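Remember, it's a predicted structure, so these values are computed and weren't measured experimentally.
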Amino acid sequence: MSHSRSVLLVGEGNFSFSASLCQSFGSDSSVIATCPQREDEALRHEGSANNIHIIREAGGTVLFDIDCTKLAECMSLKDHLFDLVIFNFPHCGRKSGVKKNRELLKNFFLSCVQVLSEDGEIHVSLCNGQGGTPADQPKREWHNSWQVAAMAAEAQLVLSDVQPFESEDYQSYKCTGYRSQDKGFRVEKALLHVFTHSLPYKSPQKLTVEESVEGERVQYQIPAELSDYMFRDFLKSGSVHPVKLAQDFVLEGLAENWGVSMVTETIPFLLSGKQVQNNCKIDRTQCYLIQLIQRDSDSESHPSADTNKSTILCSNSWTNKRNENSSSASVGSEKVDRARNKGTEVLKPVRSLEVDPEIEAEFYVLRPSLMAPLEDLIAKHKAPTTDCDEVEESEHSETSVNVTANGTMCSLWGISDVVFRNVPINSWALPVFHELLLNAALPSEPDPLKLFSEHLEKLLGPYGVSVKTEQEDLCLMAQPMGLVGKILAIKEEESHSFINLCINLNLDLLAMLLFALPDWRLLWSHDPRFYKQFSVRPSPGTPFCSFSLFPEHFRFDISFWTGPSWDESKFYSVVREASCGTVQQVKLIDTFSHPDLSQTSYCYRLVYHSHTHALSHTQALRFHKRLETVISTWLQVTVR
């Protein structure tokens, strides 16, 4: 236990723990020890008078008749904020059951957060088995435990650590108060639970962005569900974010045998419909369609602007600015005009426009891949070098390394940034992730595909990545997430002596593998405790230590009637937005088509779970009720 400036102890019996703590801390800390009994009752405990004397001699304060579930109402604690609050072996007294003790814990936590400093800790010691966490050995059945982590989540607290309760560290401590008696609790194998504040949930924002796309300055709105993933700059120079560490690890490994030139030129978030049509590798059903608010000639309206830079023009609150009556608008100029007046309809996928590809080309999507931008940049600046001459470093390159590989000098052109895909919601489906794309034209002998696959498997194999052939593509696979990258090779039409090689890697999934992250959403956390672990640039294989232990899963079903058509991708988007990203999985469990009406009933099961925020049953239910409300309005369905 680290020394703290201000310490509050609640639920004390004979004050032996407080006295021992004061002797340990000395004058370094301010200690206030409280008990729920009146002074005359407290003095009946053996040794309490002497312990109170020790506390006061050490400069501490003793308060009687203090209800730990109403700390903010205590005048003696008014205007106090504590760095550490300790509650040892809480109990309602007498033969109270687990439900009453759960209620005690919940009310204590709700009261405690009102007097806890921003970086403060709450220490709760429980007998083995009471907490209901995997740290208890043996672990009780969930319904028969005190569910301490779940009760703390009701007060927006997370369980950050569990450690043995070291009673021998406090020599004068004598546990007492079991069932309101002088008899002590059994402290053998007892556990100390450490709780800290969670960051609050923030309502999604709809960002209005301006950038240049193919010579035109455009304004558009980012879907609210994606707003927190924009402009995070994880890959900037000097970053120690795990995604950047994963990229550096891969590039350094490849540079042992091949030259690597990373293009750092800023590229727009948008792809035009023509670019989407020309790239057969893009899965158009997963694209986020973006309707423009405004489009101007770049040269006329912004002659001196940085044409590649994206700028946030404004940010609107999800709760206040959402267009509740947005619906599918007709394709064409009328649709763009309507978008200017009402705001962008952000949930419509590209596949709905396949009936008219000429009109589709007038619209834009958030880039689902970096392939098109990389091809354009390579064509714009220079082609990769394949002879023995040294590759000249470009002003657009961050690094340019050239090493002989089997007597041949070559260079890989690379680019990395975020990409966006409107995918179903499950544990390994990422709507936003960082893609690393490497491209080179290499001699067909020796076989570059074999060389790269063997090298990558050797580099990433220790972290669970293997190379498998699927439909003539070499896929980088890992369990349990599945696909983490691909290696593609296309023979050049003009000359069969060269092969165009492309390596595609999902850096977010790689970072999870390299640092044993339990949830991809952690990569996007704003919590400083996440970044602190990577400030020393840990080497791959260093496991991440979670700051939120044993978060609960909450499952709720939602059923509704739809019309003759149903776009499931819109439903996924609304779920992400309404739940603030706390839904980990969505599964369709039942459908029913009415024999007489043109209606279909869908039933989905949603799993709420979060490693980044405290998620209580109350909060999860609140998100779910909000989802039931908003899908009725936004998707025009009838909730059953």
Side-chain angles (χ1 to χ4, degrees), residues 149-150 153-154 156 158 198-207 222-230 286 288 315-324 326 346-347 349 420-433 508 518-527 548 551-560 562 566-589 602-637 639-640:
E154 297 288 346
Q156 291 297 295
V158 293
S198 166
L199 291 182
Y201 289 99
K202 292 185 178 180
S203 296
Q205 304 289 307
K206 184 181 290 185
L207 306 179
I222 296 290
E225 63 174 292
L226 303 177
S227 62
D228 194 43
Y229 304 114
M230 309 297 295
Q286 295 182 352
Y288 281 97
S315 176
N316 298 326
S317 170
W318 175 85
T319 55
N320 296 326
K321 302 296 184 180
R322 178 76 191 197
N323 176 19
E324 296 183 351
S326 62
V346 298
L347 304 178
F420 311 86
R421 296 181 184 177
N422 193 1
V423 293
I425 299 176
N426 62 58
S427 299
W428 310 112
L430 286 60
V432 180
F433 62 91
D508 292 49
D519 193 318
W520 68 267
R521 292 171 294 178
L522 273 166
L523 293 168
W524 301 90
S525 172
H526 293 273
D527 198 304
S548 177
E552 292 300 318
H553 295 73
F554 303 100
R555 293 172 175 82
F556 300 108
D557 292 350
I558 186 169
S559 301
F560 46 84
T562 73
W566 171 242
D567 190 341
E568 196 170 50
S569 64
K570 286 187 177 183
F571 176 63
Y572 295 139
S573 294
V574 174
V575 169
R576 289 192 181 100
E577 190 172 333
S579 70
C580 293
T582 57
V583 173
Q584 183 186 55
Q585 185 177 34
V586 175
K587 183 179 181 180
L588 178 64
I589 60 175
Y602 292 87
C603 180
Y604 290 90
R605 178 157 296 160
L606 281 64
V607 179
Y608 293 79
H609 181 243
S610 177
H611 279 277
T612 60
H613 292 76
L615 183 63
S616 65
H617 181 273
T618 302
Q619 181 64 68
L621 185 59
R622 187 178 297 123
F623 283 142
H624 196 71
K625 292 298 182 183
R626 183 165 73 181
L627 174 63
E628 290 180 339
T629 300
V630 298
I631 65 169
S632 300
T633 305
W634 299 355
L635 302 183
Q636 288 80 49
V637 302
V639 177
R640 296 174 59 189

Next item on the list: List in chain and number order the residues that pass salt bridge (charged side-chain N to carboxylate O under 4.0 Å, His left out) with R605, two or more places apart in sequence or in another chain; answer none if no residue qualifies.
Entry: D557

Notebook entry, point to check: Aromatic rings W520 and Y229: how do their planes relate, parallel, tilted or perpendicular, breaks at 30° and 60°?
Noted result: tilted

Check: Counting distance only, does the side-chain N/O of S525 pair as donor-acceptor with the main-chain N or O of R521 below 3.5 Å?
Finding: no

Item checked: Listed partners of P518 passing side-chain contact (heavy atoms from CB on, under 4.5 Å), at least two apart -> L522, F544, H611

Notebook entry, point to check: Between S198 and T612, which heavy-atom pair has the shortest distance, and what is it?
Noted result: OG-O, 4.3 Å

Item checked: Sub-4.5 Å side-chain heavy-atom contact between V586 and F571 -> yes

Check: Where is the tightest heavy-atom contact between P431 and V423, given as atom of each residue plus distance?
Finding: N-CG2, 4.1 Å

Next item on the list: Quick one: list whatever passes side-chain hydrogen bond (donor to acceptor under 3.5 Å, both in side chains) with W428, sequence neighbours left out.
Entry: none

Next item on the list: Say whether, by atom type as modelled, one donor and one acceptor occur between the side chain of Q156 and the main chain of E154 under 3.5 angstrom.
Entry: no

Note to self: Using a 3.5 Å distance criterion without hydrogens, assess whether the side chain of R626 forms a donor-acceptor pair with backbone atoms of A578.
What the structure shows: yes

Margin query: In the structure I gave you, are the side-chain heavy atoms of F623 and L615 within less than 4.5 Å of one another anywhere?
Written below: yes

Margin query: Which label fits H617 and F554: parallel for a plane angle under 30°, tilted from 30 to 60°, or perpendicular past 60°?
Written below: perpendicular

Next item on the list: Taking side-chain hydrogen bond (donor to acceptor under 3.5 Å, both in side chains) as the test, write out the residues that go with R576, two or more places apart.
Entry: none

Notebook entry, point to check: Can you list the residues that meet the ring-ring contact (aromatic ring centres under 6.0 Å, His included) rule with Y608, with sequence neighbours excluded?
Noted result: F556, H624

Next item on the list: For Y572, enumerate each residue passing the ring-ring contact (aromatic ring centres under 6.0 Å, His included) test, keeping only those at least two apart in sequence or located in another chain.
Entry: none

